[in-house]
Amino acid sequence: MVVRIEADYLMETSIDPERAALVLAGEQSSGTFVAVPGETSELKERSGARLEKLDVLGSIAGPSLPGAKSGSCVVQAKITLSWPLQNTGPDLPNLMATIAGNLFELQEVSGLRLLDFRLPEAFAKAYPGPQFGVDGTRQLAGVAKGPMIGTIIKPSVGLNPSETAALAATLAKAGIDFIKDDELQANGPSCPFEERVRAVMTVLDEHSQRTGKKVMYAFNLTGEIDDMRARHDLVRDLGGTCVMVSVNSVGLGGMLALARHTELPIHAHRNGWGYLSRHPALGWSYPAWSKLWRLAGADHMHVNGLNNKFSEDNDSVIAAAKSCLEPMFDSKACAVMPVFSSGQTVLQPWETYERLGTADLIYTAGGGIMAHPQGPATGVKALREAWDAAIAGVPADDYAATHPALASALNWYRS
Ligand SMILES: O=C(O)[C@H](O)COP(=O)(O)O
Ligand SMILES: [Mg+2]
């Protein structure tokens, strides 16, 4: 159990690494660019950040980022800083300003990436964490085991509420477990939130009365706080079972307001992640960043997918997905359901299952279902067949020999 707040960074500097690390520690606690009269040694002892660990990894060819102090040699180091809990209290937005604030732009570093952090138990008491997580989501969606097969309404924008509902009805009939709005579709005049929810819930209710299966639909309620609360209430009152939010758009304050209000699982979309992470010498690692949202109350978190349409490599995707299930505190695991999404098709389930070692996930394919040559219903069938084969350990082509939906999808995506 940690007593102080601890954060690990990958740091790059052209000055003495210990000096650079101490500048970071000073700037993020009691110090500034010059000594000030009130910063006594007692105050520093009480409130100053400490350099707990410094491992110099070696030198690199040149600075990764512009604007840093230059020197004869650029070195990379792993450092751990710590802060007394008394500086912020168990307070997530202000934790963020402390461990991931001004330090990224200090001249002493030409690269800084937050790799991980650990928090005292007081944070576990102060915040809700996921209310549904894996088990609660499975229960609400009626999917006891295996992956939750899902999709994203595509085209992302442009369909009106009744067109969206008609697509949802087709997908439900095809046996899908999970549908979500795209992050680009929240409350635009061409597809207003309330009309969309009413139209979609009408068809999902009809389907549930007929079959007993309530498809989970994550309605994108991203917006201002009062609007998000009202949109949540509408979804709940109409029998919906999930809401979605773009976490970078609403920030921690918005997420916390929603999490303290919600009676439904929160599907956390990470759009914008690229600006926080794409340069390897800057920003956040996913396991660190996702901890903020897990503790704040996310139940599902996007982790990209193998062989995705973005720039992230597969090792990083698997590490991100695994981190969603790793316990954050002794008293509160904050485990969330990883959501594989981005360029997913019938091609990736085998490697995904083999590398992840569990099917506790939501697997959403937008283009990967909608673009199936025989239409979205066959797209759903093919994706489920791909996952059945992956879990049974049967190679794709062997399974496809007796499963035509999978066979045509494999041909389509391989061509
Ligand atoms: O919101 C998402 O997760 C993406 O739009 C995924 O879409 P795709 O499956 O068509 O890549
Ligand atoms: Mg999208």
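Predicted model only: the values in this text are computed from it and were never measured. Every number for a ligand or one of its atoms is a count from 1 in the order of the listing.
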For this session: Identify whether the distance between the nearest side-chain nitrogen and carboxylate oxygen of Glu108 and Lys69 falls below 4.0 Å.
Result: yes

Show me a pair-per-line table, with atom names and distances to 0.1 Å, of protein N or O atoms that are under 3.5 Å from an N or O of ligand 1.
{"unit_1": "ligand 1", "atom_1": "1 (O)", "unit_2": "Lys180", "atom_2": "NZ", "d": "3.0"}
{"unit_1": "ligand 1", "atom_1": "1 (O)", "unit_2": "Asp182", "atom_2": "OD1", "d": "3.4"}
{"unit_1": "ligand 1", "atom_1": "1 (O)", "unit_2": "Glu183", "atom_2": "OE1", "d": "3.0"}
{"unit_1": "ligand 1", "atom_1": "1 (O)", "unit_2": "His269", "atom_2": "NE2", "d": "2.9"}
{"unit_1": "ligand 1", "atom_1": "3 (O)", "unit_2": "Ser341", "atom_2": "OG", "d": "2.5"}
{"unit_1": "ligand 1", "atom_1": "5 (O)", "unit_2": "Lys154", "atom_2": "NZ", "d": "2.7"}
{"unit_1": "ligand 1", "atom_1": "5 (O)", "unit_2": "Asp182", "atom_2": "OD1", "d": "3.0"}
{"unit_1": "ligand 1", "atom_1": "7 (O)", "unit_2": "Lys154", "atom_2": "NZ", "d": "3.1"}
{"unit_1": "ligand 1", "atom_1": "9 (O)", "unit_2": "Gly366", "atom_2": "N", "d": "2.8"}
{"unit_1": "ligand 1", "atom_1": "10 (O)", "unit_2": "Gly367", "atom_2": "N", "d": "2.8"}
{"unit_1": "ligand 1", "atom_1": "11 (O)", "unit_2": "Lys309", "atom_2": "NZ", "d": "2.8"}
{"unit_1": "ligand 1", "atom_1": "11 (O)", "unit_2": "Gly343", "atom_2": "N", "d": "2.8"}

Exercise. What are the protein N, O or S atoms, given as residue plus atom name, that sit under 2.8 Å from the Mg ion (ligand 2)?
Worked result: Asp182 OD1, Glu183 OE1

For this session: Apply ring pair (Phe, Tyr, Trp, His ring centres under 6.0 Å) to the pair Phe178 and His267, showing each step before the final yes or no.
Result: CA-CA 11 Å; Phe178 178 89; His267 184 90; 5.1 Å; yes

Problem set entry | Salt-bridge criterion met for Asp8 and Arg113 (N-O under 4.0 Å) | no

Exercise. Hey, is Glu312 close enough to Arg270 for a salt bridge, meaning N to O under 4.0 Å?
Worked result: yes

For this session: Please determine which of Lys145, Lys213, Arg138 meets the salt bridge (charged side-chain N to carboxylate O under 4.0 Å, His left out) test together with Asp177.
Result: Lys213

Exercise. For the ring pair Trp273 and Tyr286, is the centre-to-centre distance below 6.0 Å?
Worked result: yes

Problem set entry | Ion pair check, Glu326 and Lys322, cut-off under 4.0 Å | no

Problem set entry | Salt-bridge present (Lys381, Glu385; N to O < 4.0 Å) | yes

Problem set entry | Centroid-centroid under 6.0 Å between His300 and Phe132 rings | no

